[in-house]
Amino acid sequence: MSAHLSLNADLHCHSVVSDGTLTPEELAQRAHANGVHIWALTDHDELGGQERARVAAAALGIQYLSGVEISVTWMGHTIHIVGLGIDAAHVGILEGLRRTRDGRGNRAKLMAEQLLKAGIPGAYEGALHFAGNQELISRTHFARFLVEQGVCKDTEQVFKNYLVENKPGYVPHLWATLDDAVAWIKAAGGVAVIAHPGRYKLSALQMEELYKHFKDIGGIGIEVITGSHSPNQYQTYGKIAQHYGFLASRGSDFHDPEESYIDLGTLPHLPNYLTPVWSLFH
Ligand code: AMP
Ligand code: MN
Ligand code: MN
Ligand code: MN
């Protein structure tokens, strides 16, 4: 077993720069307190927190990898691609992400119009109030507003009854293409990783197509141990990584102490037959 496997790596989480509730500095401290050795902040479609995270991690003696989680539309579905070890000042990825973020404001207004028709007024302003970054208003911020209003008891209930397909507040959106997202990550010197594959509502054939195409265009890794997977899925996606020759990643997808099931750095280790993606960096 590679020594890398026993390192506590957490390569997926969110700050106030996207839809998390802690600052990059607070996350660094939490990672440190929880024994994280290698950490990446992976805000959605945004690199604005990278410098702060890097500085805070260095002060605490944690190895830091620059990160991002890019929203992608693939075969009509939203999937997420994590980029790790990127140059966070690279103009190509900065510009690509800026364009990816662009439609969020308009989408948010359309979401609020639907919620108004469903009897919930003030959702745009309400969600914006929760957004730490006005350019990154997301469904998570709407979910927090709906909980605050007493419409749902927690964000999990929101994502069952609102903001998802065929429910009030769902607005379909075109994100970046898979090819663009992977190209931006590669051009910025990073590696591309498929985030939480267990969450996508794709057929088995479509998933196969995703793995093959991702590999063809230079995708390197896949999340195996994530806060979004059940223990059964750890095995399922461990086998997928092995089958396709992907490096494996591990990340909590931590957003908030109360909302998130899994705290930073508190996940099981990767299965020992896999090669961790962080072996490229450590
Ligand atoms: P958006 O990028 O605006 O579509 O928002 C996506 C975000 O919503 C994800 O990154 C999660 O933080 C959150 N989200 C989506 N689905 C769920 C869910 N079922 N439970 C909790 N959070 C969710
Ligand atoms: Mn999120
Ligand atoms: Mn995600
Ligand atoms: Mn995430």
Side-chain angles (χ1 to χ4, degrees), residues 10-22 27 40-46 49 67-74 76-84 97 100-112 114-115 123-124 127-128 130-147 152-167 169-176 178 181 192-202 221-223 225-230 233 237 249-262 264:
D10 193 323
L11 306 182
H12 189 150
C13 68
H14 299 273
S15 77
V16 290
V17 171
S18 62
D19 60 348
T21 59
L22 303 185
L27 287 168
L41 170 64
T42 54
D43 278 313
H44 298 284
D45 307 323
E46 169 68 89
V68 65
E69 181 176 21
I70 306 181
S71 310
V72 161
T73 301
W74 192 76
H77 294 262
T78 300
I79 66 164
H80 287 168
I81 300 295
V82 164
L84 297 171
L97 294 177
T100 306
R101 288 195 298 273
D102 234 15
R104 280 188 180 268
N106 199 45
R107 170 193 190 227
K109 285 179 187 149
L110 295 172
M111 287 166 67
Q114 278 193 31
L115 290 170
Y124 177 73
L128 205 55
F130 282 98
N133 175 357
Q134 311 281 295
E135 275 186 44
L136 217 111
I137 184 162
S138 86
R139 285 186 293 157
T140 314
H141 303 117
F142 279 86
R144 291 182 187 136
F145 169 74
L146 293 179
V147 172
C152 294
K153 78 168 186 343
D154 54 31
T155 52
E156 197 190 333
Q157 286 303 310
V158 175
F159 283 104
K160 285 207 174 98
N161 300 297
Y162 296 89
L163 316 182
V164 292
E165 240 173 299
N166 303 316
K167 303 285 179 184
Y170 178 73
V171 176
H173 195 75
L174 259 191
W175 301 108
L178 179 61
V193 174
I194 297 173
H196 43 61
R199 262 179 48 183
Y200 306 133
K201 309 255 177 304
L202 296 165
I222 188 168
E223 287 184 349
I225 305 288
T226 125
S228 299
H229 284 172
S230 65
Q233 289 176 318
Y237 295 102
S249 195
R250 173 182 191 262
S252 56
D253 209 354
F254 179 81
H255 285 71
D256 170 80
E258 243 111 83
E259 278 170 26
S260 300
Y261 298 114
I262 303 222
L264 273 171

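Numbering of ligands and ligand atoms starts at 1, following listing order. Everything numeric here is computed off the predicted structure, so don't read it as measured data.
Between the side chains of Asp253 and Thr226, no donor-acceptor pair is found at a separation under 3.5 Å. Counted by atom type alone, Glu156 and Tyr261 present one or more donor-acceptor pairs between their side chains at under 3.5 Å. Donor-acceptor pairing under 3.5 Å is recorded for the side chains of His196 and Glu69.
Less than 6.0 angstrom separates the ring centroid of His229 from the ring centroid of Tyr237.
The shortest N or O to N or O distance between Ser71 and ligand 1 is not under 3.5 Å. For the pair Glu156 and ligand 1, the shortest N or O to N or O distance does not fall below 3.5 Å. In terms of N/O distances under 3.5 Å, ligand 1 is not approached by Thr155. Checked by distance only, ligand 1 and Trp175 stay at 3.5 Å or farther apart across all their nitrogen or oxygen atoms. For ligand 1, the polar-atom distance check finds no N/O of His80 at less than 3.5 Å from any of the ligand's N/O atoms.
Contacts between Glu69 and ligand 1 below 4.0 angstrom, taking non-hydrogen atoms only, are absent altogether. Proximity of His255 to ligand 1, defined as any heavy-atom pair under 4.0 Å, is confined to the side chain (atoms from C-beta onward).
The Mn ion (ligand 2) sits nearest to atom OD2 when only the N, O or S atoms of Asp19 are considered. Taking the N/O/S atoms of His255 in turn, the shortest distance to the Mn ion (ligand 2) belongs to NE2. Within Glu69, the N/O/S atom positioned nearest the Mn ion (ligand 3) carries the name OE2.
Residues Leu163 and Tyr170 come closest through the heavy atom pair O-CD1, 3.4 Å. When all heavy atoms are compared, the tightest approach of His12 to Ala195 is CE1-CB, 4.1 Å. Nearest heavy atom pair, residue Leu11 against residue Val82, reads O-CG1, 4.3 Å. Closest approach of Met111 to Arg139, counting heavy atoms only: CE-CG, 3.6 Å.
Across Arg107, His173, Lys160, heavy-atom proximity to atom 1 (P) of ligand 1 is greatest for Arg107.
Looking at atom 8 (O) of ligand 1, its nearest protein heavy atom turns out to be Thr140 OG1, 3.2 Å. Nearest protein heavy-atom neighbour of atom 6 (C) of ligand 1: Arg139 NH2, 3.7 Å. Closest to atom 15 (C) of ligand 1 among all protein heavy atoms lies Phe159 CE2, 3.5 Å. Atom 2 (O) of ligand 1 has its closest protein heavy atom at Arg104 NH2, 3.0 Å.
Residues Asp256 and Arg144 are not paired through a salt bridge, judged by the lack of any N-O separation under 4.0 Å between the basic side chain and the carboxylate.
Taking the Mn ion (ligand 3) as the corner point, the angle from His196 atom NE2 to His80 atom ND1 is about 110° (rounded to 10 degrees).
Under the 30°/60° scheme for interplanar angles, the aromatic rings of His44 and His255 are found to be tilted.
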